[in-house]
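Step one of this worksheet: look at the structure below.
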Amino acid sequence: MSQGFVHSIKVPRLYKTAATIVKKVAEDGASLKQLIYEKNHPNLKGIYALATTTLQHGTDLNELIRETKLLINEPRLDPWLARVLITELIWGKRTIKGDAKPLHTILNYETKIRQVFETIDQHEKPQSTIKSTERKPRYVRINTLIKKLDEAIEDFQDEGYIFIPRSCTYHEYLDVLSTLDGWKFTQDYHIPELLVFASGTTFYDHLGYKNGAIILQDKASCLPAYLLNPESGSNVLDMCAAPGMKTTHLAAIIDNKGKVFSVERCQRRYEILCNQVSTTHANCVETMNVDAMTLNENKCPDVEYILVDPSCSGSGMQRFTFEGEQSKCAPGRLRSLQSFQVHLLRHALTKFSKVKRVVYSTCSIYPEENEMVVDEVLTNVGDAYKLVPVMTLLNDGWINLSSNEFKCKDNCLYAKPEVDYCNGFFVAVFERNFDVPLPEGRNKNKGLKRNAQDDCDEVDIKEEQSNDVQIDDNGKNLTVKVEESDEPVKKKRKKNKNKCNEVITQEVADEKLKEEDNADVTSKKKIKKEKKIDKSSGDNVDEQEIDINSNEMDIVSKKKHKKKKKDKINEEELIINNENEIISMEIEESNVSSKKKKHKKNKKDSNEGTIIEEGVDEDSTSKKKHKKKKKAKSDIE
Ligand SMILES: C[S@@+](CC[C@H](N)C(=O)[O-])C[C@H]1O[C@@H](n2cnc3c(N)ncnc32)[C@H](O)[C@@H]1O
């Protein structure tokens with residue numbers, strides 16, 4: 001630990017509070033006024049002025065930060081606080097007083113900032129406010145396993161919401177969304193059970209949310225299950241299931257008739273999945289804590305529909321940040337993700353002889369994880385599958401499609417936040433041609449060295465990114481990560497270590513297949529769990545890249561030592577994503593076990609549900625809040 005930096009001088013509360021408010025307004029579309037009045041601060045006027053000015057100069061601030069490379073060179077500096085301080089320096093009092101470290105950092109850049117400011121001023125850039133299109137509406141999926149859609153709409157009307165009937169065309173619908181405010185709500189143009197409320201509408205205290213009747217799920221995340229559209233009574237496989245948003249959507253689509261095999265490799269996320277399944281009364285779901293690459297027809301018989309929604313870069317989730325440009329995904333990481341995605345999708349397409357339709361989705365906007373994955377797999381499967389043009393499935397009501405430059409042409413869809421008012425997303429729909437036999441041979445995994453820890457990490461990073469976007473202004477059990485947004489990915493991954501630690505190669509997968517064919521499934525699961533826990537206590541994985549090479553092994557063992565130390569002092573921070581409705585929770589070991597108990601209890605008493613976003617025990621909440629406060633405090637200092 002660095003000895004030179006003393007965490008004693010606090011950032012003035014005015015700046016700290018303004019930064020928190022700006023963040024919430026920019027990312028979540030929360031109401032500025034409401035947030036201001038919530039704050040019990042002697043200088044409300046000052047905060048209001050500072051926050052509004054910061055928001056008004058969003059574009060200029062982005063440019064100033066980019067040109068000065070401020071956040072690149074100062075990764076510990078909270079970006080929101082930086083914006084507030086620059087605002088004070090340029091448009092406010094023109095000076096900042098105080099001895100806290102972030103203030104000094106900004107002052108060190110003052111000359112540079114002013115120089116850049118001169119140039120952007122000369123260009124007479126328009127000073128923008130946060131555009132309404134940058135605010136994501138609040139999507140509420142009605143869980144039709146618990147409540148009928150028309151009843152839900154009526155209930156909301158009884159609560160005072162004003163229903164705008166479903167639009168006739170997609171363009172008309174987008175117009176409605178652009179003006180959706182206050183108490184208005186409407187029905188999604190494509191997905192009937194999805195209702196859309198004004199940005200910032202909160203439901204964390206809503207009874208329906210608590211009892212699983214309503215699910216806060218972004219439209220993008222609803223598209224895969226909607227497009228897979230399994231028939232009631234059929235068997236469905238969700239290969240990458242946690243935290244279970246799409247699994248439970250699938251269960252609702254088949255009306256709990258048939259079966260959803262819901263597979264999650266990471267144990268920590270598996271527990272969350274089980275909780276979500278139980279809360280939402282998705283009784284047709286059979287959860288499996290295994291690697292999807294080990295699945296076959298014996299384990300998941302008669303599967304006709306498969307959803308492949310693998311870990312990805314999460315680049316589609318970053319739009320709602322204030323950042324003008326996205327943080328780029330390292331090429332190595334992207335390659336590794338792509339290779340993993342290809343293997344998983346190919347497995348889905350080739351190992352289940354009865355499958356009719358497979359949907360592949362990512363919340364990435366990189367062609368490397370989308371068109372390029374689809375193209376590669378299409379080459380492997382030949383004519384045994386064809387892509388269904390998504391445009392026809394959506395009755396011509398979509399705007400952004402995959403690129404014609406690829407083999408998959410414009411058959412797949414992209415959701416674009418600035419157009420579709422939802423997260424960035426990609427979906428491809430494959431349909432089986434039973435006239436052509438499936439290609440023979442193994443799904444070779446040579447060079448594929450992803451492990452369960454990687455998956456937990458990948459998702460966590462994505463979730464953290466999306467969490468920055470999704471924080472609810474009501475904030476129940478949500479973490480406002482003011483200080484950490486620019487923390488390097490490497491560090492975040494370190495934080496999110498958990499029990500899963502299983503290197504998956506083809507050899508391992510094959511061995512598992514053999515073993516499992518001979519073993520009773522339940523006892524096998526137990527053994528696996530024990531194995532994982534054993535490994536996690538001694539092992540560790542490289543935190544930077546998924547492809548571990550021999551040089552990195554040294555680093556790994558050093559990290560082992562560091563991590564052990566760190567683990568003792570750090571509580572585990574768990575961020576759950578439904579890729580859209582995110583919750584950040586700090587979970588202590590005890591919570592994990594109490595969750596397990598809770599899950600068991602829920603199974604017994606299906607009327608009592610725990611809520612995924614809230615999945616923390618009530619009595620531990622205040623403890624966590626305290627810890628959270630402490631952490632935020634020390635970080636900002
Ligand atoms: C994008 S998330 C899935 C989100 C989920 N479909 C939902 O809608 O709630 C990807 C998940 O796949 C899991 N995963 C990654 N590789 C896997 C594998 N080989 N087998 C099973 N699960 C895997 C990750 O741990 C992660 O939870």
inquiry  = If you take the centroid of each ring, where Trp contributes its six-membered ring, are Y170 and H190 closer together than 6.0 Å?
reply    = yes
Checklist entry - Could you give all pairs that pass the salt bridge (Lys or Arg N to Asp or Glu O under 4.0 Å) test and reach residues 396-409, with sequence neighbours left out? => result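 As it turns out, there is no salt bridge (Lys or Arg N to Asp or Glu O under 4.0 Å) pair with a partner in residues 396-409 once direct neighbours are skipped.
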Heavy-atom closest contact ([X] atom, [Y] atom, distance):
X    : Y    : value
M288 : L295 : CE-CD2, 3.9 Å
S353 : R432 : O-NE, 4.5 Å
L307 : P224 : CD1-CB, 3.7 Å

- Message: Whether the T362 and Q341 side chains hold a donor-acceptor pair (N or O, under 3.5 Å, no angle test) is what I'd like checked.
- Response: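 No, Q341 and T362 have no side-chain donor paired with an acceptor closer than 3.5 Å.
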K386 with E431: basic N within carboxylate O range, under 4.0 Å
yes
Q) Does T279 use its side chain to pair, donor to acceptor, with the backbone of N275 at less than 3.5 Å? A) yes
Checklist line | Flag, side chain of K257 to backbone of E231, donor-acceptor distance under 3.5 Å | finding: no
Looking at Y189, I'd like to know if the NZ or CZ of R166 sits under 6.0 Å from its six-membered ring centre while staying within 45 degrees of the ring's axis.
yes
- Task: Check step by step if side-chain hydrogen bond (donor to acceptor under 3.5 Å, both in side chains) holds for D238 and T247.
- Result: CA-CA 6 Å; D238 181 355; T247 274; 2.6 Å; yes
Are any non-hydrogen side-chain atoms of Y209 and I215 less than 4.5 angstrom apart?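 Y209 vs I215: side chains apart.
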| said: Evaluate Y270 against T287 for side-chain hydrogen bond (donor to acceptor under 3.5 Å, both in side chains), listing each step before the verdict. | reply: CA-CA 8 Å; Y270 174 75; T287 55; 3.0 Å; yes
Original post:
What's the verdict on side-chain hydrogen bond (donor to acceptor under 3.5 Å, both in side chains) for Y414 and E371, showing C-alpha distance, side-chain angles and the deciding distance?
Top reply: CA-CA 10 Å; Y414 269 105; E371 286 103 324; 2.7 Å; yes
